[in-house]
Amino acid sequence: MTDLRALRSPLSFQLSNLQDLPHHDLLVSEEAWWKTEGIAISHAIDRAGTPWLRMFDRLGKRVDEILYPREYQTILMRGYRSGVVWRALEEKSLIPTYLLIYNISFHDPGICCPYTVSLGTAVPLAKYGSAGLQLRFLPQLLRKDDSVWQGATWMTEIKGGSDLGAAVETIARSAGDGWLLTGEKYFTSNAGAELAVVAARPEGAPAGVRGLALFLVPRYRKNGELNYFIRRLKDKIATRSVPTGEVELKDSEGYLLGTGESGVYLILEVLNLSRVANSVVSVALAQRAMADALSYAEHRIAFAKPILDHPLLRHQFEHRLTSLRSAFALAWESVQLLNDVWMDWPPYSDRYHLFRLVAHLAKYWTAEFAVDTAKWAMEVHGGLGVLAEYGAERWLREAMILAIWEGTSHRQILDGLEVMERRRAHKLLFRRLAEIAPSKELQDLESEVEHHLKLPPEEKEALAEPLFRRLATLTAETLARKSK
Ligand SMILES: Cc1cc2nc3c(=O)[nH]c(=O)nc-3n(C[C@H](O)[C@H](O)[C@H](O)COP(=O)(O)OP(=O)(O)OC[C@H]3O[C@@H](n4cnc5c(N)ncnc54)[C@H](O)[C@@H]3O)c2cc1C
């Protein structure tokens with residue numbers, strides 16, 4: 001009989017799936033803190049503590065202040081102090097960041113959104129910002145106390161997030177030592193952040209995605225006035241602690257990161273960080289949903305014994321634990337590959353293209369797995385599963401967003417196809433998988449992928465999902481064998 005105990009805590013699951021767990025003591029103290037303080041705060045905020053927007057002060061001056069329950073700051077700042085952002089740049093490794101994100105999102109998946117977008121601001125600034133910009137802004141993002149600045153990553157506009165090349169209408173005009181940006185961002189998570197990276201088109205730049213550039217936009221102008229305006233905050237089914245708003249840019253001061261021509265690469269690099277985070281959060285959320293289902297199933301009695309002891313349910317737990325381990329292996333592979341390439345510049349190496357394919361597979365499959373597992377965990381709770389007071393429904397609400405933001409599942413499949421077609425990334429992947437565990441199944445799938453890539457364009461897109469799903473599951477299962 002499979003031992004299900006590792007499900008109960010993020011740390012024991014991490015320990016049972018990673019050969020080497022750096023920052024062990026840090027994770028132990030994080031877990032202890034969440035048990036004694038964080039969990040209660042997080043549940044209370046999800047139910048009744050969502051942020052509010054105060055647009056004006058009492059004398060009518062525009063202030064766009066976000067009002068949070070005080071306790072929200074406690075859980076938010078805890079992660080920053082522990083090093084979810086500063087460790088990446090100080091230790092020159094993303095491993096501690098993603099270990100912490102796993103550990104924290106087991107308890108609160110939503111709060112990892114501010115951490116991820118802050119990382120997505122700090123990294124391009126550290127990589128592509130001029131020395132002057134770095135000196136002016138980077139230290140604030142890397143502070144280790146509650147005065148730390150937060151970041152944000154704003155690309156999407158009302159006309160759509162998938163086709164940014166067509167939908168981004170924000171324009172940047174060159175002015176003095178910087179730029180002035182005008183436009184509207186329709187989904188702006190972590191609205192109120194002190195700094196944001198924003199996609200905009202420099203005046204006169206070509207149409208399409210290649211004409212986009214990435215700008216750093218501070219919350220306040222040089223003269224101390226507001227630099228961007230928050231029109232409203234959205235009422236969401238999940239990530240309810242995070243203020244996601246609509247932002248207006250009106251001749252807002254901005255600073256170009258990299259060159260105008262390299263904007264599309266910078267935008268993709270920001271997405272790399274958040275897609276990998278999304279995969280890690282998805283697995284942690286699935287584990288959490290299973291942990292709650294397990295503790296319920298051990299105690300709920302039906303037909304004279306705990307429901308966990310009925311063969312059908314027991315088998316479902318065991319089978320899903322195997323899938324969870326595969327999902328973790330896939331997500332963690334994307335972390336490790338990203339950790340190898342996150343400081344690479346274009347033109348990129350083969351290793352970067354391999355990373356991209358694995359990241360698309362991981363984002364796609366782990367998000368689907370999280371939704372499916374959260375739904376199943378709700379069912380294990382029977383009727384209590386749909387009642388807000390018992391918490392199982394929260395994991396389904398939180399899971400629903402994971403397949404949508406940072407590029408929908410459709411986007412992952414199509415971008416995955418592109419990197420296979422143009423960069424032959426599947427060849428690198430199959431070679432790597434064959435080193436771990438060669439199999440006839442792998443060889444057959446490789447031939448199928450090759451065959452698929454030669455289909456006429458319409459058919460290639462239309463029929464891509466089953467193939468992409470199999471590629472994701474087989475990759476995950478093979479990688480899971482490596483970590484045994
Ligand atoms: C809570 C929340 C917070 C968010 N925070 C941010 C943020 O901070 N910053 C930010 O930039 N964005 C943010 N987003 C936006 C998010 O990234 C987008 O919602 C997402 O990228 C999808 O874009 P869209 O909603 O415009 O859908 P669309 O792009 O309009 O797509 C609609 C549907 O069409 C499908 N589709 C599109 N093109 C194709 C195609 N070629 N083939 C097949 N199907 C296709 C899509 O997959 C989707 O199912 C947030 C969204 C939410 C819900």
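As the structure lists them, so they are numbered: ligands from 1, and atoms in each ligand from 1.
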- Item | Check: Arg240 side chain, Asp46 main-chain N or O, donor-acceptor pair, under 3.5 Å |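 Between the backbone of Asp46 and the side chain of Arg240 there is a qualifying donor-acceptor contact (under 3.5 Å).
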- For Cys113, does its backbone N or O pair with a side-chain atom of Asn190 as donor and acceptor, under 3.5 Å?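 The answer is no, because no donor-acceptor pair under 3.5 Å joins these two groups.
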- Ion pair present between Asp251 and Arg221, side-chain N to carboxylate O less than 4.0 angstrom?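 No, this pair does not count.
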Report, in ascending order of atom number, the atoms of ligand 1 lying under 4.0 Å from any heavy atom of [X].
| X | value |
| --- | --- |
| Thr244 | 3 (C) |
| Lys236 | 1 (C) |
| Met155 | 10 (C), 11 (O) |
| Gly160 | 26 (O) |
| Ile404 | 20 (C) |
| Thr188 | 8 (O) |

Heavy-atom distance from [atom] to the protein below 4.0 Å?
| atom | result |
| --- | --- |
| atom 13 (C) of ligand 1 | yes |
| atom 3 (C) of ligand 1 | yes |
| atom 51 (C) of ligand 1 | yes |

- Answer whether the closest heavy-atom distance between the side chains of Pro124 and Val270 falls below 4.5 Å.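 With C-beta onward as the side chain, the pair touches.
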- Message: Distance to the ring centre below 6.0 angstrom and angle to the axis at most 45 degrees; does that hold for Lys234 and Tyr186?
- Response: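 Judged by the rule (NZ or CZ under 6.0 Å from the ring centre, within 45° of its axis), Lys234 counts as positioned above Tyr186.
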- Task: Search all heavy atoms of Arg143 against all heavy atoms of Val148 and return the closest pair with its distance.
- Result: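 It is O-CG2, 3.6 Å.
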- Task: Indicate the atoms forming the closest heavy-atom contact of Ala200 with Val168, along with that distance.
- Result: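 Looking at all heavy atoms of both residues, the shortest contact is CA-CG1, 4.1 Å.
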- Message: Out of the candidates Lys460, Arg356, Arg423, only one should pair with Glu418 under the salt bridge (Lys or Arg N to Asp or Glu O under 4.0 Å) rule; please name it.
- Response: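 That would be Arg356; it is the only one of Lys460, Arg356, Arg423 passing the salt bridge (Lys or Arg N to Asp or Glu O under 4.0 Å) with Glu418.
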- Residue that, paired with Arg470, satisfies salt bridge (Lys or Arg N to Asp or Glu O under 4.0 Å) out of Glu448, Glu465, Glu446, Glu477: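 Running salt bridge (Lys or Arg N to Asp or Glu O under 4.0 Å) over Glu448, Glu465, Glu446, Glu477 with Arg470 returns exactly one hit, Glu448.
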Classify the contact between [X] and ligand 1 as side chain, backbone, both or neither, using a heavy-atom distance cut-off of under 4.0 Å.
| X | answer |
| --- | --- |
| Lys185 | neither |
| Thr408 | side chain |
| Ile401 | side chain |

Between [options], which one has a non-hydrogen atom sitting closest to [atom]?
| atom | options | answer |
| --- | --- | --- |
| atom 31 (O) of ligand 1 | Ser189, Ala166, Ser162 | Ser162 |
| atom 41 (N) of ligand 1 | Leu414, Ile158, Ile237, Val168 | Leu414 |
| atom 46 (C) of ligand 1 | Glu406, Gln412, Arg411, His410 | His410 |

- Task: Using distance alone, determine whether Thr156 and ligand 1 share an N or O pair under 3.5 Å.
- Result: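 Yes - when backbone and side-chain N and O of Thr156 are compared with those of ligand 1, one distance drops under 3.5 Å.
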- Passing option when Phe215 is tested against Tyr128, Tyr255, Trp179, Trp154 for ring-ring contact (aromatic ring centres under 6.0 Å, His included):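 Output: one option passes, namely Trp179.
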